[in-house]
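Here it is: the structure, laid out below.
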Protein chains: 2
Amino acid sequence: MKAAPEREVDRSISQTVKAQLALRDQILSGSLRPGERISELQAVETTGASRTPVRMALVRLEEEGLLEGIPSGGFMVKAFSERDISDSIELRGTLEGLAARFAAERGVSARELEPLKECLAAIDELLSQVPISIEAFSSYVTLNARFHAVLTELSRSPPLIRQIDRASALPFASPSGFVMAQSALPEAQQILIIGQEHHRVVIDAIENREGARAEAIMREHARLAVRNLRLALRNRTHLDLLPALALIKTATD
Amino acid sequence: MKAAPEREVDRSISQTVKAQLALRDQILSGSLRPGERISELQAVETTGASRTPVRMALVRLEEEGLLEGIPSGGFMVKAFSERDISDSIELRGTLEGLAARFAAERGVSARELEPLKECLAAIDELLSQVPISIEAFSSYVTLNARFHAVLTELSRSPPLIRQIDRASALPFASPSGFVMAQSALPEAQQILIIGQEHHRVVIDAIENREGARAEAIMREHARLAVRNLRLALRNRTHLDLLPALALIKTATD
DNA sequence: TGTATGCGTTATGTATACAATAACGGAGAG
DNA sequence: CTCTCCGTTATTGTATACATAACGCATACA
């Protein structure tokens, strides 16, 4: 039996996944700044995995859109402009609009709409409090993300679901991401209530198999988020609530 | 000096890229059947790269959507249903619609529209021949793909461009892919002419900054492709022209 | 005869050694 | 004083060796 292993290995999870999560954390927490080159050696030290899994993780994060390959070799943290972000939100809205249309046109049973209505009711409950507490807001973020995820699934279209997942990979484009942005505004609760109305309408449209209406409301939903993100960025208040803020380009380019 | 190297290495291109191209070829040519598990060892032998670049290539192909990770380990060739394919085409049409809208709303100079109009004129020239020759059809495929690529660029939205590229990665969803599907029909030329009309309209809409009209016509463009793909699959004529046909699920699922 | 268990083989996950290339710095010449 | 060229160094790209987990087969027991 060997006296001491060279390296402590956590066998409860794949090294590749471990490295991917650790690196994503570092990027989103701002430890690695946008535009900064990621050193493999450094990543090996901070993640505890060896170079092979680290490289796999880097490739996956590049495909995810958080990293950018450097032609001469290696990877750097991707930087996003304000317009990149608003476009990403609108993009996701367009995709979710298509998902809502598919759900409406292809038909959804009452049973399948249940989880959606449960989210709706739970959010209604949360929003009835004035003003909303931090804990309630946190619950809202989770419930809202769930609503969007369930709605996406109702499209029954694996390629579309896959694409929406990809579009949501960028943290500021995800449902929880733009909710965070909305929270940066003083009028947060009012905005949340408008969003909730959108949720209500999309369910109704799907029930009545009105594809065009279902699609339109989801796109409007995203446009609301874009407008509020713009406002939030102008005001620069409570922006620390917005995840992955570090990814936004600040310098001129 | 060593007498003979163990392995012949092609240094003109990265081993990872070489492996990725080789594997993609194998998948698209049907050497690897959908649902089939890909053996790393076998991939190493057929591509000539070693396991590390092969693994990177496999990860990239998985993200691209051609492969699927197996929970217990390894990768298999992804299989697509007919609906997956038509959804993918409609998905790309929706994305291109958004791109056209962005181009129209954000404004495009006459100079930037030039390449688009050149494609248009070149395709007009090709389609004036009756019946169209194989060579002319091949040129059409290239020109059509170029038209779509240039249009996408005009959106000036990196996140959207990226997403459209990803959506086009699936060969049957790419512009050239659905053109191929259209060619399977006897009425191919008529369909190409209708498509060309769409191209004309979208340029006009962008010039006049009519975002909604530009978007609508691109979505209609994709819907035309979906209808014709369905017809082509029913008729099963000349389907050998359709690339990556091997990816379509034939068995019941 | 059918099922369950254990062992052996094979393939994947991980780590590390080696090779090649690009970046950086210093020295020399104009 | 600056620009260029060469050498050194550091970092990435590639290959391979090792560890481990999964699969299949055979055998034994019910």
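Throughout, protein chains are lettered first and strands after them, A, B, ... in sequence-line order, and every chain is numbered starting at 1. Keep in mind that the numbers below use all heavy atoms, side chains included, and drop hydrogens, waters and symmetry copies.
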Pick the nucleotide of DNA chain D nearest each of B:R37 and A:L41; which residue has the one closer to the 5' end?
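This one resolves to A:L41.
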Does the distance from a Lys or Arg side-chain N to an Asp or Glu carboxylate O, for B:D87 and A:R106, drop under 4.0 Å?
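Result for this pair is yes, salt bridge flagged.
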Taking donor-acceptor contacts at under 3.5 Å, does the side chain of A:T52 reach the base of C:dT16?
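Side chain to base: pair found, below 3.5 Å.
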Where the side chain of A:Q15 is defined as all heavy atoms beyond and including C-beta, which of C:dG13, C:dT14, C:dT16 is the nearest nucleotide?
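Of the candidates, C:dT14 comes closest.
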Expressed as a whole number of angstroms, how long is the span from B:M56:CE to C:dT14:P?
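About 15 Å, once rounded to whole Å.
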Could you pull out all residues at least two apart from A:T152 that satisfy side-chain contact (heavy atoms from CB on, under 4.5 Å)?
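Partners of A:T152 under the side-chain contact (heavy atoms from CB on, under 4.5 Å) test: A:E96, A:I161, A:I164.
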side-chain contact (heavy atoms from CB on, under 4.5 Å) involving A:T16 - partner list, sequence neighbours excluded
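Listed in chain order: A:S14, A:P53, A:M56, A:R60.
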Looking at B:T16 and D:dT14, is any side-chain donor or acceptor paired with a base atom of the opposite kind under 3.5 Å?
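No, no donor-acceptor pair under 3.5 Å.
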Which of residues 68-78 of chain A sit near DNA chain D, with a heavy atom under 4.0 Å from it?
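Only A:G73, A:G74 qualify.
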Return the value, rounded to whole Å, for the distance between atom CD of B:E36 and atom P of C:dA11.
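Value for this atom pair: 13 Å.
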Look at the side chain of B:R55 and decide which nucleotide, out of C:dA15, D:dT14, C:dT12, has an atom nearest to it.
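The closest nucleotide is C:dT12.
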How many whole angstroms separate atom CD of A:E45 from atom C1' of D:dT11?
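That distance rounds to 13 Å.
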Separation of B:E62 atom CD from C:dT12 atom P, in whole Å?
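Distance, rounded to whole Å: 14 Å.
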Report the distance from atom CG of B:L58 to atom C1' of C:dG13, rounded to the nearest whole Å.
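Rounded to the whole Å, the gap is 13 Å.
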Calculate the interatomic distance between A:Q42 atom CD and D:dT11 atom P; express it in whole Å.
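Rounding to the nearest Å, CD of A:Q42 and P of D:dT11 are 9 Å apart.
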Using a cut-off of 4.0 Å on non-hydrogen atoms, how would the nucleic acid contact of B:I38 be classed: base, sugar-phosphate, or nothing?
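Sugar-phosphate only.
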What nucleotide, of C:dT16, D:dA15, C:dT12, holds the atom closest to the side chain of A:R51?
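Of the options given, the side chain of A:R51 lies nearest C:dT16.
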What residues form a side-chain contact (heavy atoms from CB on, under 4.5 Å) with B:T142, not counting sequence neighbours?
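Counting only residues at least two positions away or on another chain, B:T142 forms no side-chain contact (heavy atoms from CB on, under 4.5 Å).
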What is the separation between atom CD on B:Q20 and atom C1' on D:dG13, rounded to the nearest whole Å?
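The distance from CD of B:Q20 to C1' of D:dG13 comes to 15 Å, rounded to the nearest Å.
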Can you tell me which residue pairs pass the side-chain hydrogen bond (donor to acceptor under 3.5 Å, both in side chains) test with a partner in residues 64-77 of chain A, sequence neighbours excluded?
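Qualifying pairs: A:Q20-A:E64, A:R24-A:E64.
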Candidates C:dA15, D:dT12, D:dT16 - which lies nearest the side chain of A:P53
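Nearest to the side-chain atoms of A:P53, counting from C-beta on, is C:dA15.
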Could you pull out all residues at least two apart from B:T46 that satisfy side-chain contact (heavy atoms from CB on, under 4.5 Å)?
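Once residues adjacent in sequence are excluded, the partners of B:T46 under the side-chain contact (heavy atoms from CB on, under 4.5 Å) criterion are B:Q26.
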Can a salt bridge be assigned to the pair B:E63 and A:R166 using a cut-off of 4.0 Å between side-chain N and carboxylate O?
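Here B:E63 pairs with A:R166 in a salt bridge, since their nearest N and O are under 4.0 Å apart.
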